[in-house]
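It should be emphasised that the depicted structure is a prediction, and the values quoted were computed from it without experimental measurement.
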Amino acid sequence: MTDSELKAILTERLATVRSRIAVASRRAGREPDKVTLVAVTKTVSTRVASLLPELGVPDLGESRPQELWRKAEALRAFPIRWHMIGHLQRNKVERTLPLSYLIHSVDSARLLDEIETQARKQNLRPQVLLQINASHEDQKHGFDAEELAAILPRQETLTVKIVGLMGMAALSPDPEQARHAFGGLKAMIDKHRGEHASLTQLSMGMSGDYEVAIEEGGTLVRVGSTLFEGLEGE
Ligand SMILES: *Cc1c(COP(=O)(O)O)cnc(C)c1O
């Protein structure tokens, strides 16, 4: 496919996603521009990713650190904000930190400690989200309500800025199944915002459930397959 054919496909798909974001926002009485679309480029090439900023999407997400390094380094010249959205091993923090605009997936106190150590070493002020185990599936990473309450007060001593929460609903073909999990995340952030005013961002919603996430108060939606299906070979 040529670049212009690719751009035509992406333009059309982005228009659909944007209009759905707008409709879901209005349904919830929210401003559509309060929702940031993070295009999850994990299944597509650097070339496809490189077309997104000029189509108005500067926020790109990757779930594997090595893939984020590879794309971020190849696309250094592009105005892209990289979002680390998947599990981050502590030994990969050093290299991931300077390349990332926002790390969504801080899922343990030990990982937060390592990010803090590297932030000080590299003189960075990273922004992070704490990942919540919203679906209560044991194999999922993240903090529960009690662990969150215990870790938030540490914000005061940190260079790292905790700007919100991230969560995933259990996989289900029915987006309404996600509503309960998303509503729980919203209640959790609201509960702590009084004391921790920096908690403004709620990363929730993927291709199958981003409209429900917006209705429930999500501010960052992470959308991959709806945008990139069929473009994996390009
Ligand atoms: C892959 C991925 C997404 C995007 O999922 P789609 O269903 O393809 O939109 C969102 N969040 C995380 C953490 C992911 O790994």
Side-chain angles (χ1 to χ4, degrees), residues 16-18 20-32 34-40 42-43 59 61-64 83-88 102-109 111-112 127-152 155 162-196 198-229:
T16 303
V17 169
R18 285 227 178 78
R20 290 187 170 192
I21 289 175
V23 169
S25 298
R26 275 189 224 109
R27 241 185 341 252
R30 304 181 54 204
E31 298 286 333
K34 295 284 169 358
V35 176
T36 300
L37 170 63
V38 178
V40 179
K42 66 188 178 193
T43 60
D59 292 278
E62 285 289 333
S63 59
R64 289 175 50 241
H83 294 247
M84 177 67 219
I85 62 171
H87 183 56
L88 177 60
L102 179 65
I103 298 175
H104 293 225
S105 44
V106 176
D107 55 11
S108 72
L111 176 58
L112 184 64
Q127 301 190 45
V128 305
L129 306 178
L130 300 180
Q131 185 172 344
I132 304 299
N133 188 349
S135 62
H136 304 291
E137 288 173 283
D138 283 337
Q139 72 274 22
K140 288 252 169 85
H141 299 278
F143 295 91
D144 65 21
E146 235 170 83
E147 293 163 338
L148 175 67
I151 202 155
L152 283 174
Q155 169 74 85
I162 301 169
V163 297
L165 307 180
M166 180 262 216
M168 272 180 273
L171 277 184
S172 159
D174 177 10
E176 288 303 314
Q177 291 288 323
R179 193 178 293 282
H180 183 70
F182 292 156
L185 275 167
K186 174 74 164 105
M188 226 182 232
I189 200 168
D190 285 348
K191 177 177 165 193
H192 292 288
R193 190 177 288 139
E195 245 177 290
H196 303 281
S198 66
L199 297 175
T200 58
Q201 301 295 321
L202 202 44
S203 170
M204 55 188 196
M206 319 194 338
S207 290
D209 53 24
Y210 67 94
E211 292 157 279
V212 174
I214 291 166
E215 287 170 15
E216 295 299 318
T219 65
L220 291 149
V221 292
R222 310 179 309 269
V223 178
S225 50
T226 281
L227 294 172
F228 301 120
E229 210 150 49

**Student:** Walk me through whether Leu165 and Leu129 qualify under side chain to side chain contact (heavy atoms under 4.5 Å, CB included).
**Tutor:** CA-CA 5 Å; Leu165 307 180; Leu129 306 178; 5.8 Å; no
**Student:** Any donor and acceptor pair, going by atom type alone, linking the side chain of Asp209 with main-chain N or O of Val212 inside 3.5 Å?
**Tutor:** no
**Student:** Nearest 0.5 Å please: distance from the CD atom of Glu62 over to the CD1 atom of Ile85.
**Tutor:**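 That separation rounds to 7.5 Å.
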**Student:** Looking at OG of Ser203 and CD1 of Ile132, how far apart are the two atoms once the value is rounded to the nearest 0.5 Å?
**Tutor:**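 Going from the OG atom of Ser203 to the CD1 atom of Ile132 covers 11.5 Å.
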**Student:** If the condition is side chain to side chain donor-acceptor pair (under 3.5 Å), which residues does Ser63 pass it with, not counting sequence neighbours?
**Tutor:** none
**Student:** Salt bridge (Lys or Arg N to Asp or Glu O under 4.0 Å) with Glu146: which residues, sequence neighbours excluded?
**Tutor:**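 By the salt bridge (Lys or Arg N to Asp or Glu O under 4.0 Å) rule, Glu146 matches no residue at all.
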**Student:** Which value, rounded to the nearest 0.5 Å, describes the distance between Ile214 atom CD1 and Thr219 atom OG1?
**Tutor:**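 Here the rounded value is 10.0 Å.
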**Student:** Classify the side-chain pair Asn133/His141 by whether it contains a donor and acceptor separated by less than 3.5 Å.
**Tutor:** no
**Student:** Carefully, step by step, assess Val35 and Val221 under the rule side chain to side chain contact (heavy atoms under 4.5 Å, CB included).
**Tutor:** CA-CA 7 Å; Val35 176; Val221 292; 4.2 Å; yes
**Student:** In Å and rounded to the nearest 0.5 Å, what is the CG to CD1 distance from Leu199 to Ile189?
**Tutor:**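 So the CG of Leu199 and the CD1 of Ile189 are separated by 5.0 Å.
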**Student:** Could you grab the distance from atom CG of Leu111 to atom CD1 of Ile103, nearest 0.5 Å is fine?
**Tutor:**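 One finds 7.5 Å between CG of Leu111 and CD1 of Ile103.
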**Student:** Would you please name every residue forming a salt bridge (Lys or Arg N to Asp or Glu O under 4.0 Å) with Arg26, sequence neighbours left out?
**Tutor:** none
**Student:** Under the salt bridge (Lys or Arg N to Asp or Glu O under 4.0 Å) test, which residues partner Arg179, sequence neighbours left out?
**Tutor:** Glu176, Glu215, Glu216
**Student:** Stepwise, does the side chain to side chain contact (heavy atoms under 4.5 Å, CB included) test hold for Met166 with Leu130?
**Tutor:** CA-CA 6 Å; Met166 180 262 216; Leu130 300 180; over 6 Å; no
**Student:** Are any of the side-chain heavy atoms of Val23 and Glu211 separated by less than 4.5 Å?
**Tutor:** no
**Student:** Give, for atom OG of Ser207 and atom CD of Glu229, the distance between the pair rounded to the nearest 0.5 Å.
**Tutor:**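 Atom-to-atom, Ser207:OG and Glu229:CD are 8.0 Å apart.
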**Student:** Step through the shown structure and confirm whether more than 12 heavy atoms of other residues, nucleotides or ligands are within 6.0 Å of CZ on Arg30.
**Tutor:** yes
**Student:** State, to 0.1 Å, how close Thr43 and Phe228 come at their nearest heavy-atom pair, and which atoms those are.
**Tutor:** OG1-CB, 4.1 Å
**Student:** Do the side chains of Phe182 and Leu202 get nearer than 4.5 Å, heavy atoms only?
**Tutor:**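 Not touching, per the 4.5 Å side-chain cut-off.
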**Student:** Please identify each residue that fulfils side chain to side chain donor-acceptor pair (under 3.5 Å) with His87, with sequence neighbours left out.
**Tutor:** Asp107
**Student:** Can you tell if the side chain of Arg20 reaches within under 4.5 Å of the side chain of Tyr210, non-hydrogen atoms only?
**Tutor:**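 Result yes, sub-4.5 Å side-chain heavy-atom pair found.
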**Student:** Please give me the minimum heavy-atom distance between Ser198 and Gln155, naming the atom from each residue.
**Tutor:**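 For Ser198 and Gln155, the tightest heavy-atom pair comes out as OG-OE1, 3.8 Å.
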**Student:** Evaluate side chain to side chain contact (heavy atoms under 4.5 Å, CB included) for Ile151 paired with Leu112, printing each intermediate quantity in order.
**Tutor:** CA-CA 10 Å; Ile151 202 155; Leu112 184 64; 3.8 Å; yes
**Student:** Taking only residues two or more places apart in sequence or in another chain, which ones pass salt bridge (Lys or Arg N to Asp or Glu O under 4.0 Å) with Lys186?
**Tutor:**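 Here the qualifying residues are Asp190.
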**Student:** At their closest point, which heavy atom of Gly205 faces which heavy atom of Ala213, and how far apart are they?
**Tutor:** CA-CB, 3.5 Å
**Student:** Quick one: does Leu37's side chain get under 4.5 Å of Asp59's, heavy atoms only?
**Tutor:**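 The answer is no, as the side chains (C-beta and beyond) never meet within the 4.5 Å cut-off.
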**Student:** Measure from the side-chain N and O atoms of Glu195 to the backbone N and O of His192, and report whether any donor-acceptor pair falls under 3.5 Å.
**Tutor:**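 Looks like no, no N/O pair under 3.5 Å.
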**Student:** What is the minimum heavy-atom distance between Gly208 and Pro175, and which atoms define it?
**Tutor:** O-CB, 3.4 Å
**Student:** Please tell me if the side chains of His104 and Gln131 come closer than 4.5 Å, counting only heavy atoms from C-beta onward.
**Tutor:**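 No; the side chains remain at least 4.5 Å from each other.
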